[in-house]
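In the text below, chain A, chain B and the rest are named by the order of the sequence lines, each starting its count at 1. All of these numbers come straight from a predicted model, not from anything done at the bench.
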2 protein chains.
Amino acid sequence: MKARRKSPVDQTGIESQFCSIDLRLKILGELPFFHGLSSQALEEINRHFVEVGYAAGEVIYHAGDPARRFYAVADGKVKLLQHALSGRNVLLDILIPGEFFGSLSPRDAMDYPDTAQAQTPVCALSINSAEFRTTLDRYPEAALIVLDLMANRLQAANENVFRLSSMEAEQRIASTLLKLGEKLGRSHEGGILIDLPLSRDELAEMTGTTTETASRTVSQFQAKGLIQGGRQWIAITDLDALKSVAQSG
Amino acid sequence: MKARRKSPVDQTGIESQFCSIDLRLKILGELPFFHGLSSQALEEINRHFVEVGYAAGEVIYHAGDPARRFYAVADGKVKLLQHALSGRNVLLDILIPGEFFGSLSPRDAMDYPDTAQAQTPVCALSINSAEFRTTLDRYPEAALIVLDLMANRLQAANENVFRLSSMEAEQRIASTLLKLGEKLGRSHEGGILIDLPLSRDELAEMTGTTTETASRTVSQFQAKGLIQGGRQWIAITDLDALKSVAQSG
DNA sequence: TTGATTCCATGATGTAGATCAATTAATTAC
DNA sequence: GTAATTAATTGATCTACATCATGGAATCAA
């Protein structure tokens, strides 16, 4: 098809699955909840974390695994999903550098509720959740920032509940593309490129639809000039028009 | 219809909209995040809270209002909802005594994302969000408990996203009734009474369906002996069978 | 360069549940 | 006790989108 072309999504970047110890201290200081701590504090915190690399597609942990570790994304993108009995996934969130996932506190009876999977090559910083709790005990200002971030996440999840409950498929897809553009977008040829590989199947998993519906809707948006896309990529070309679709319920 | 009868949901209880100052210190100590603090700490915290009563149906705050205050439910039940352009509501959560809502931290640009409304007569404890943040600064062990509760809330919201994305209406309704039974249920005639007034319309708002679909499904469940219900009430009578429906996707 | 694989697009058909409508029953007000 | 109102139930019809199927194009492997 005419509009399809080679993906402009940049999938090079550092080979994240070989993330460097040198980066760890630098990245820890850049995590929003440790930002502003003293060098001494970061040095101490640093000793508890390890960096772990994952190849694109690799599962970090499965839903149902005992929840023992806290993670922060240092580089790359991580997706959180749940699995339906039908074999279909529900894609709950895509996490970018600085965001966290996993277990916040040690609770023996808890399992991970979602599967975490590397969407791209990923470097993650990881710590045992008991040690993370100790870290928050030692640095309560960090705990308060994590609390704020968690409140933001709850709000985003509730917005998703609202979308799924009250919008039709086209509206949900437009709304989700806008959110992805806000979170992962970079300027590109006058529009906003959603800067991660995103298949029609994944878009469907995020919007409570099927691959065919996502593909039809994306094709219609392309035909109308709202977006441009191809294999595993989408760029928003008419932001205002896409917003109109998202708000038209 | 035969199974319908006068609601067994107890709507008496204290006239919550006239909640007593005497109760405040007692209730503060029972909030999960202040539980365990010393009497002296509770005395100090107590000075910052006010108790506020709301009649059933009264709106505590509207979505879009500037977010200035943190609330905890002392007595009664509060519902959080968002409003679609169609006029329909999406019912995001029903909060019980000990649960919190509102603004966790003072952020000038923030509005309340949801409307909070008294489902029953409600007594709430309220504090300015800047003062609440100061309280968490002073008592970081409380912040960590709030963090855990927030993580639980995020997990519940994600489960709701999963339900809405991957289940059909009957399954979602069964699943939601089970959750309501867990959270708000009390033993009643060998079953579990969902102990709050709950209309078919509200059940529909919680499950992404319409009133007619909720009513049809509830009638089918009654016909099969899974539940018993009437005007604004539902009791689960066959827990195992309802679980089977919820898990049958 | 060619063949295999994966992803996307499009068409046809079926259905879950929304929409619209009317009726019944419970509750409230007088 | 009666009338009005509210909530729930049930029926008929319509539609958004899932399901099933097929073909095309991009990408990868040999």
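Look at CD on A:Gln220: it is 14 Å from C1' on C:dG11, rounded to the nearest Å. Here the C1' atom of nucleotide D:dC20 and the CZ atom of A:Arg88 are 15 Å apart, to the nearest Å. Summarising the geometry, the separation between CD1 on B:Ile173 and P on C:dA18 is reported as 9 Å, rounded to the nearest angstrom. Whole-Å rounding puts the A:Gln222 CD to D:dA25 P distance at 15 Å. With rounding to whole Å, A:Glu212 atom CD is found 10 Å from D:dA21 atom C1'. The interatomic distance linking B:Glu202 (CD) with D:dT6 (C1') rounds to 14 Å, in whole Å.
The environment of B:Lys183 atom NZ is dense: over 12 non-hydrogen atoms of other residues, nucleotides or ligands sit within 6.0 angstrom.
The aromatic rings of B:Tyr61 and B:Phe101 sit tilted, their planes meeting at an angle between 30° and 60°.
A sub-4.0 Å separation between OP1 or OP2 of C:dC7 and a side-chain N or O of A:Ser199 is absent. In terms of phosphate contacts, A:Gln232 brings no side-chain nitrogen or oxygen within less than 4.0 Å of OP1 or OP2 of C:dT6. Here B:Thr210 does not reach the OP1 or OP2 of C:dG17: none of its side-chain N or O atoms lies under 4.0 Å away. For C:dA9, one of the phosphate oxygens OP1 or OP2 lies less than 4.0 angstrom from a side-chain nitrogen or oxygen of A:Arg200. For the OP1/OP2 pair of C:dA9 and a distance below 4.0 Å, the side-chain nitrogens and oxygens of A:Ser215 include at least one atom meeting the criterion. For B:Ser219, a side-chain nitrogen or oxygen approaches OP1 or OP2 of D:dT10 to under 4.0 Å.
A cation-pi contact links B:Arg153 to B:Phe100, judged by a cut-off of 6.0 Å to the six-membered ring centre and 45° from its axis.
Of the residues listed (A:Arg68, A:Arg69, A:Glu51), the one engaging A:Ser126 in a side chain to side chain contact (heavy atoms under 4.5 Å, CB included) is A:Arg69, and it is the only one.
In this structure, a donor-acceptor pair under 3.5 Å is absent between the side chains of B:Arg200 and B:Ser215.
With hydrogens and angles left out, the side chain of B:Arg216 and the base of C:dT19 share a donor-acceptor pair within 3.5 Å. For C:dT27, its base never sits under 3.5 Å from the side chain of B:Arg231 at any donor and acceptor pair.
If A:Glu168 and A:Thr213 are placed on DNA chain C by their nearest nucleotide, the residue sitting closer to the 5' end is A:Thr213.
Residue contacts shown for A:Thr209 are limited to sugar-phosphate atoms, with no base heavy atom under 4.0 Å away.
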